[in-house]
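Everything quoted here is computed from the prediction, not taken from an experiment. Labels below follow one simple rule: chain letters A, B, ... track the order of the sequence lines, proteins then strands, and each chain is numbered from 1. All values below were derived from every heavy atom in this structure, side-chain atoms included, with hydrogens, water molecules and symmetry-related copies excluded.
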Amino acid sequence: MDYRQTLNLPKTGFAMKANLSAREPEIQRFWKEKDIYGKVLERTRGNQAFILHDGPPYANGDIHLGTALNKILKDIIIKYKSMRGFHCPYVPGWDCHGQPIEHEVEKRLGEERGRLDLMEVRRRCREYALHYVGRQSEQFQRLGVLGDFEDPYLTLKPAYEAANVRILAELVGRGLVYRSRKPIHWCPRCMTALAEAELEYREKESPSIYVAFPLLDALPGRGDEGAAVVIWTTTPWTLPANVAIALHPDMEYVLADTSGGCLLLGRPLLEEAVKGMRLSSCQELASYKGSELKGLRARHPWRDRASVLVNSEYVTTGQGTGAVHIAPGHGEEDYYVGLEYDLPMPMPVDDAGRFTGEAPEFEGLFIEDANERILADLRGRGLLLGSGELLHPYPHCWRCKGPVIFRATPQWFIGVDREYNGSTLRLRCLEAVSGVEWVPSWNIRRMKGMLETRPDWCISRQRAWGVPIPAFYCNACGRELLTPQSLRKVEEMIGAEGSDAWFLKDVREILGEGFSCPGCGGSDFRKETDILDVWFESGVSHEAVLHSWEGLTWPCDMYLEGSDQHRGWFQTSLLTAVGARDAPPYRSVLTHGFVVDGEGRKMSKSLGNVISPLDICDRLGADILRLWVAAADYTVDIPASQEIFDRLVEAYRRIRNTLRFLLGNLFDYDPERDAVAPGDMEEIDRWIISRLQGLVRRCTQAMDRYQLHLVYHALHNFCAVDLSALYLDMRKDCLYTFAPRSRQRHSAQAAIYRVFTAITRLMAPILCHTAEEAWQALRGGAGADSVHLQEWPQVEEDLLDAHLEDRFEQLLQLREMVTKSIEELRLAKEIGTSLEAAVDLKVPEHMRGLLGEREGLLPTIFIVSEVHVDYGGAGEVEVAVRRAAGSKCARCWNFRASVGEDPAYPDLCDRCLPVVMEWGGGRG
RNA sequence: GGGCCUAUAGCUCAGUAGGUUAGAGCGCACGCCUGAUAAGCGUGAGGUCACUGGUUCGAAUCCAGUUAGGCCCA
């Protein structure tokens, strides 16, 4: 007879094959239909808040692994905190303005470019940004992220735009905003500023010249020998704007008597320079350290002012003479040297790249055309020591393809060292940083280091797509008008109508009456055309968002972004918050590393090692991606590779099958009807319940420290070892073969029920879809609550039984010896399954305490048919395994002497016989 | 070149305050089972703790340097 149907074999609709790519969208629909996000907020309303403020990704392109990692981390933390009872509204946001979008739109315009007016460009940029907001929103939700996706914050919304002006007004009120010049990339043909991303680097042939700057002061310890310091440059046209010559403080400089005169050159570059200038003789006279020469003056080729020798770490030994010509208006490094030494910044070049009256010798000439004249002039003065041509990579304009230049233009700045109320923004920020919790903790070093060295913040951009810098200029005297009062007017307007209004309305419409120039008292103004740096825009998100969505708080509890944001959003947010609101906008800052490949190298198209999160979702499922996030120690680089995902899929399967098996054994269990209190459970069931408490404790501690990978490992280990390899394997005999309503089986089921309902909740923040699917499966689906509406499991101290666990630890050690012995027999082909084995233990007397009362449990622990214990052992435990006596019971597969005792059921053992009788009776 | 950080089995991670033969899971190899079955179980083999030097009775752990890699800056 086939006794299969008399067994309580597992039954469940929870499929072994996950098919996540199809199932997850269904679960997400379920969340949406039931408004689970709203219900979670409802459940926690009135509780303490935990606000994670979303850093806005840029609305350009599809999400990549890094963006996915970031959003999943946030989502896991929010789901966990919500289950812990915190009120966690999550408002996702997008960075919608800025040069990359404008550049993309312009590229697509093609022929139309140039014909479109500013407003049309802005309209198209807006369309473009909103398109990608929609797209990324769907992609984020596909990852299982829950949040207020119906009403996200967008930096292009009027209310958000107004916040920029509000913060700016505060900064202006504190005297932190000023206007000054700074060199930027400039295309003299298009007459426009260019961003780094708009540059195309190509080879260019430039003049390569050596120029003598005769020293006005004597060298230390020497008389006046008419010595000259020699510079090398590829941009002769920047020489009229020269104000200094930079030497490396640690480099050695040689004074040499040469065929070209008495020259000062850097020692490491001496040979090359002598060759470059074709000098026939060169005799060393003296040598100096760069730091010794600081402060000496040289004669400028054309101006009355001296060119002063300064020290700079920027000077390299790669090319040139070790003496670098400095024109602060024509180079970024030059600019910083200028700031350091408080040098003047002449700018004799106009918008069209022509020399102005500031360089009368070359006035009217286009810079490239002037090179020749400059060379001739220098030669005439005897200052040109050598000239040639050089092919080198040089930035070109993406539009007209011509070479671009560095040119100082007026910009707006936030001064970090301006004093107000007895301190500066820099110092206040440094102070504020100490009150913030940095995770990992060493991030405070990085943040402080960057704050200490950062320059003033240039917040203006010569662009169309963004929020205007709402300044006015007096048409009479040119002076700017930017006051808290004028800004309030603009804030009102932008808040009501959006930033387009700035461009559409004239000054009087915006300002109204009552404003006059602080310089000349005039009342005729024009508008600034620059817009704000997008970093300023995202930097005011705390102001724009945290006050404006229900339930959010200022400051918030956490910012969570990649470690690159120390220089980005963490810092810009801190500057605007401390500058305008006198406090940091966040209580804690958590950072993660960057995604790298299996070899630890960064992901890049050129390396061909890029993995798309959307592709992973389609092929493997979002839960696999979430498992990847949870499994990695994200404080450092996060590796991603095919192999890693393969391993994660295996791990996922293990967890899923464990859930499935648990569910399968609960098919006939009713927690109301069949419950068994832990105190009444079988010892083995109390053991797994106790182990479960340890798991809950470990997971809770790890989550509280944001150490997700410890949760993953703990959960996986629990499923693979405690449950699959041990508890469930040992308990199958009871679950399958005991009478369905027997006390022992109910005890096992009650334990399994507790385990199941706990681990599904433990994994819910991470495997949010799978946990939901399993949770629904337990209740048969319809009308069930979401697992995300459940509370995080609590450690039940009274169920934690260290003594019991210790006892089981010893039993499991015995088990290990037994399984090894069984394996020997199996290898010898004497037995197959362990139920074919009988075990004889010879143990010392002192083990009677451990084993005496548990002899009946030993066959279960070892999963064998028979165990005999002899307490007459001397020292070591001796294990002997032999084939079990008796015959195999056709139902429970144990080997029993009792099989065959009942002629009506000759293949049943005495344990199965009554169960079958009852089963038959129950059926009849 | 500068700042911050990382390096433990093929993979993901533990390794508490320097102290026995460095752990886990997965993968792999071999075997078992066929009542978790595109599952489950057992046994086993894998590590010069990146490298070099130092401190110490003793270093994966502390210090210095080197190499490789990441982020930011130049």
task: Apply side-chain contact (heavy atoms from CB on, under 4.5 Å) to Asn8(A) and list each qualifying residue two or more places apart in sequence or on a separate chain.
output: Pro740(A), Arg745(A)

- line: With sugar-phosphate taken as primed atoms, P, OP1 and OP2 and all else as base, the protein-contact string of nucleotides 64-74 of chain B at under 4.0 Å (heavy atoms; B, S, -) is -----SSBSSS

message: Run the side-chain contact (heavy atoms from CB on, under 4.5 Å) test against Arg454(A) and tell me which residues pass, sequence neighbours left out.
response: Val416(A), Arg426(A), Trp457(A), Gln571(A), Leu575(A)

Please list, pair by pair, any protein nitrogen or oxygen found under 3.5 Å from a nitrogen or oxygen in nucleotides 26-30 of chain B.
from   : atom 1 : to        : atom 2 : distance (Å)
G27(B) : OP1    : Glu650(A) : OE1    : 3.4

statement: Testing A36(B), C5(B), G25(B) for proximity to the side chain of Tyr736(A), the answer is A36(B)

Below 3.5 Å, can you tabulate the donor-acceptor pairs from side chains in residues 444-453 of chain A to any protein atom, sequence neighbours excluded?
from      : atom 1 : to        : atom 2 : distance (Å)
Lys448(A) : NZ     : Ser434(A) : OG     : 3.1
Thr453(A) : OG1    : Gly449(A) : O      : 3.2

query: Any side-chain heavy-atom pair from Lys888(A) and Asp907(A) closer than 4.5 angstrom?
result: no

message: Among G40(B), G35(B), A14(B), which nucleotide has an atom closest to any side-chain atom of Ser724(A)?
response: G40(B)

query: What interatomic distance, in whole Å, is found between C1' of U12(B) and the corresponding atom of U66(B)?
result: 28 Å

field: Partner residues of Phe756(A) under the ring-ring contact (aromatic ring centres under 6.0 Å, His included) criterion, sequence neighbours left out
entry: none

statement: Within residues 7-15 of chain A, the residues having a heavy atom closer than 4.0 Å to RNA chain B are Leu7(A), Leu9(A)

query: Taking the side chain of Ala631(A) as its heavy atoms from C-beta onward, which of C41(B), C33(B), U12(B) lies nearest to it?
result: U12(B)

query: Ring of Trp893(A) versus six-membered ring of G35(B): centres under 5.5 Å and planes under 30°?
result: yes

message: Tell me every residue that passes salt bridge (charged side-chain N to carboxylate O under 4.0 Å, His left out) with Glu252(A), counting only those two or more places apart in sequence or in another chain.
response: Arg267(A)

field: Non-neighbouring partners of Asp685(A) that pass salt bridge (charged side-chain N to carboxylate O under 4.0 Å, His left out), sequence neighbours left out
entry: Arg731(A)

message: Please give the stem ranges for RNA chain B, sorted by first residue number, where a stem is three or more consecutive Watson-Crick or G-U pairs and both donor-acceptor distances are under 3.5 Å.
response: B:1-7 with B:67-73, B:10-13 with B:23-26, B:28-32 with B:40-44, B:50-54 with B:62-66

Nucleotide N/O to protein N/O under 3.5 Å, stretch nucleotides 46-50 of chain B:
none

query: So which of His592(A), Lys74(A), Arg626(A) actually passes side-chain contact (heavy atoms from CB on, under 4.5 Å) with Leu69(A)?
result: His592(A)

- request: Could you pull out all residues at least two apart from Glu830(A) that satisfy side-chain contact (heavy atoms from CB on, under 4.5 Å)?
  value: Leu825(A), Ala828(A)

- prompt: When you measure from the side chain of Met16(A), which nucleotide among C33(B), A36(B), U12(B) comes out closest?
  reply: A36(B)

Nearest listed nucleotide, side chain of Lys888(A), among C11(B), C32(B), U34(B): U34(B)

task: Check every strand shown and say whether Lys17(A) touches a base, only sugar-phosphate, or nothing at a heavy-atom separation below 4.0 Å.
output: nothing

